[in-house]
Asks: 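Before I ask anything, here is the structure I am working with.
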Amino acid sequence: MAEQNTHLSSLLQKNEQSLLTQWIEAQQRVIGTKISPQELKIQCMDFLRLMVEATHQDKSTSIDGPAWVTAKKMLAEVSKSRTNQGFSPSQTALFVFSLKRPLFDLLRKELVDRPNEFADAIWAITQILDQLGLYTAEMHQRSREEVINRQQADMLELSTPVVKLWDGILALPMIGTLDSNRTQIVMESLLQKIMETESEIAIIDITGVPTVDTLVAQHLIKTVTAARLMGTECIISGIRPQIAATIVHLGVELGNIATKSTLADAFKLALSRTGRSVSKTTTHSPATGMRK
Amino acid sequence: MERIPILKMGSFLLVTIQVDMHDQLAMNLQEDLTNRISATGARAVLIDISALDIVDSFIGRMLAGIAGMAKILDAKTVVVGMQPAVAITLVELGLSLDGIHTALNVDRGMALLRNSLELSDDEDLGAELANES
Amino acid sequence: MNHEELQIRTQSDIVLVRKAVRELTAKLGFGLTDQTKITTAASELARNTLEYGLGGHLEMETLKNDLGKSGIRLTFIDQGPGIADIALALTDGFTSGKGMGMGLSGSKRLMNEFTIDSEMGKGTRVSVTKWK
């Protein structure tokens, strides 16, 4: 095995130019010019050199050793930039896998009269390239996950506004689905705002929640219960007919939580509970006024 | 033995819990409060827990116990000032403390008690009502 | 990684456990709600260790997973009588003592991972983990 890699290292070095040309061509056949030829060439040149170094230092067929650290780091970077450019996992892994064909061709030429050595060399290079390819795909997935996590966090921040409607009355217009992660963030921001504004009533408007299943209902009840523990009553508004039907169908017990079909109705209830009402002003004007 | 002080104000008993309570202290408080309610004929108990950074099931049970016993002795209990993080945790823990009245702070708690006991000296509420048209 | 051990022999040890867990979670950068959840779970489990396990100890570890996420693991160990029916002990409202029966089931809900091993006459080991 040891000889294989020494051989591989010098082989790579000796045939760098021809390998490069074929490798780049193989990639461009699939991904076209999504990456500028110069950029691709630099990436390929760099990686080939790192491979020469790594195979020179590490005689095994594993890429877990310290010799491969720099090469893997570069793969991670390539993978990340491919991800950001919208490449699929297989398109990203292509960077490594497309090197197989040119390398195999080269080995065949070099070892044409030594079939045993040829087979050994093919096996060694396959092992190394497969591991590198998988590593690239894994890195691609990891970058995707990072992007998703970041977007999720952004969305959570954006989608949980708590607004003050009146002295002592808050509204939380909920948009999107409620999972347990989001529920905690929604609860936190609602309860925090309750404490800051000393609001007695909070209206949770679920007009923007597409479906209410048992889990979502449970999350809603949790939020209402937590607010109640702090001393604030919640009203749930924006319950569309189909959602009302689902709630009944699922047998979800909303207990003694006040519910209203529209935010306006809920606001009216909140006002009356805090000893206020809405009425028309006596002087006739296009807009209706609101008085305490 | 270490005890949490209970203040008497008119027909109200006030307790502010400011230490990290160990279980015995919580049990003492429950006992002391019950004794004081029956000794003074207090109509209401206000417990301020705004300084507590956790309420576990033991303290929860103690609060529920106080409210329950006070009710038998014809006094109303209100727990005020629970921190948001504590409220979320209690709900997740599975305790909703049904039957305990809650309020955001001491002022609100007092108003709630006065209101429900129909006491005349509800000044803060009175001031607000005076502005109503 | 970081490893710390605390004895649970008296009621004031429960208070010390709460304090130590709160400090560690704050140091790890958990949000206030998660700090409170973890501390509350620790309080429940420490009380179980004291009451049902007749005393024991807590091992606190800080963790880091492959993705660089940090976490905390709390393991409560006692040499008490053990739990005869773990499934029953995990039921909401079940209690053989003076709690509300929320200790085990509640702490399970407050944390991300929960494992329990118990052998009659040998003791109980409850391990809970929360990731950031």
Side-chain angles (χ1 to χ4, degrees), chain A residues 160 162 166-170 172 180-202 217-234 253-257 271-282 289-292, chain B residues 46-57 59-61 63-64 67 76-116 122 124-133:
Chain A
T160 54
V162 182
W166 204 258
D167 261 351
I169 303 172
L170 288 182
L172 173 73
S180 33
N181 222 346
R182 180 140 180 244
T183 305
Q184 173 154 341
I185 292 173
V186 168
M187 269 202 220
E188 276 173 3
S189 61
L190 177 66
L191 300 194
Q192 194 58 40
K193 197 79 177 218
I194 284 177
M195 199 168 72
E196 284 164 16
T197 57
E198 299 188 348
S199 296
E200 305 157 67
I201 295 186
Q218 265 172 14
H219 289 321
L220 277 175
I221 293 170
K222 272 185 193 170
T223 310
V224 172
T225 312
R228 196 174 277 167
L229 280 172
M230 288 180 63
T232 294
E233 282 303 315
C234 290
E253 202 49 73
L254 281 181
N256 47 356
I257 301 169
L271 284 172
S272 89
R273 280 205 185 161
T274 51
R276 304 177 177 106
S277 69
V278 184
S279 64
K280 269 190 180 162
T281 49
T282 41
M290 192 182 288
R291 285 193 301 162
K292 254 197 170 184
Chain B
L46 186 142
I47 305 172
D48 177 13
I49 59 164
S50 55
L52 277 190
D53 59 7
I54 80 152
V55 171
D56 63 5
S57 66
I59 303 170
R61 195 179 73 109
L63 292 174
K76 188 169 179 154
T77 308
V78 60
V79 172
V80 308
M82 188 183 289
Q83 294 294 320
V86 173
I88 295 172
T89 302
L90 266 182
V91 170
E92 211 66 58
L93 192 62
L95 293 184
S96 53
L97 300 183
D98 294 329
I100 291 185
H101 299 277
T102 51
L104 284 164
N105 50 36
V106 176
D107 276 350
R108 288 280 172 77
M110 294 288 271
L112 183 110
L113 289 173
R114 282 189 192 119
N115 241 1
S116 70
D122 46 357
D124 44 350
L125 251 157
E128 221 180 282
L129 287 167
N131 290 331
E132 310 276 2
S133 53

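Here the structure is a predicted model, which is why all the values come from computation and not from measurement. What you see below is based on every heavy atom in this structure, not just the backbone, and it leaves out hydrogens, waters and symmetry mates. Reminder, nothing fancy here: chain letters follow the sequence lines and each chain counts from 1.
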Asks: Check whether Thr223(A) gets within reach of chain B through its side chain, its backbone, both or neither, counting any heavy atom under 4.5 Å.
Replies: neither
Asks: Can you name the salt bridge (charged side-chain N to carboxylate O under 4.0 Å, His left out) partners of Glu233(A), sequence neighbours left out?
Replies: Arg228(A)
Asks: Of all heavy-atom pairs between Ala87(B) and Ala226(A), which one has the smallest distance, and what is that distance?
Replies: CB-O, 3.5 Å
Asks: Do Leu104(B) and Met195(A) have side-chain heavy atoms sitting under 4.5 Å apart?
Replies: no
Asks: Please name the pair of heavy atoms, one in Ser96(B) and one in Thr225(A), separated by the smallest distance, quoted to 0.1 Å.
Replies: CB-CG2, 3.4 Å
Asks: Between atom CE of Met82(B) and atom OG1 of Thr232(A), what is the distance when rounded to the nearest 0.5 Å?
Replies: 12.0 Å
Asks: Where is the tightest heavy-atom contact between Met230(A) and Pro84(B), given as atom of each residue plus distance?
Replies: SD-CA, 3.8 Å
Asks: Considering non-hydrogen atoms only, spot the tightest contact between Glu200(A) and Arg108(B) and give its length.
Replies: CG-NH1, 3.3 Å
Asks: Can you see which heavy atom on Leu229(A) is nearest to which on Leu95(B), and at what distance?
Replies: CD1-O, 4.2 Å
Asks: Can you name the salt bridge (charged side-chain N to carboxylate O under 4.0 Å, His left out) partners of Lys222(A), sequence neighbours left out?
Replies: Glu92(B)
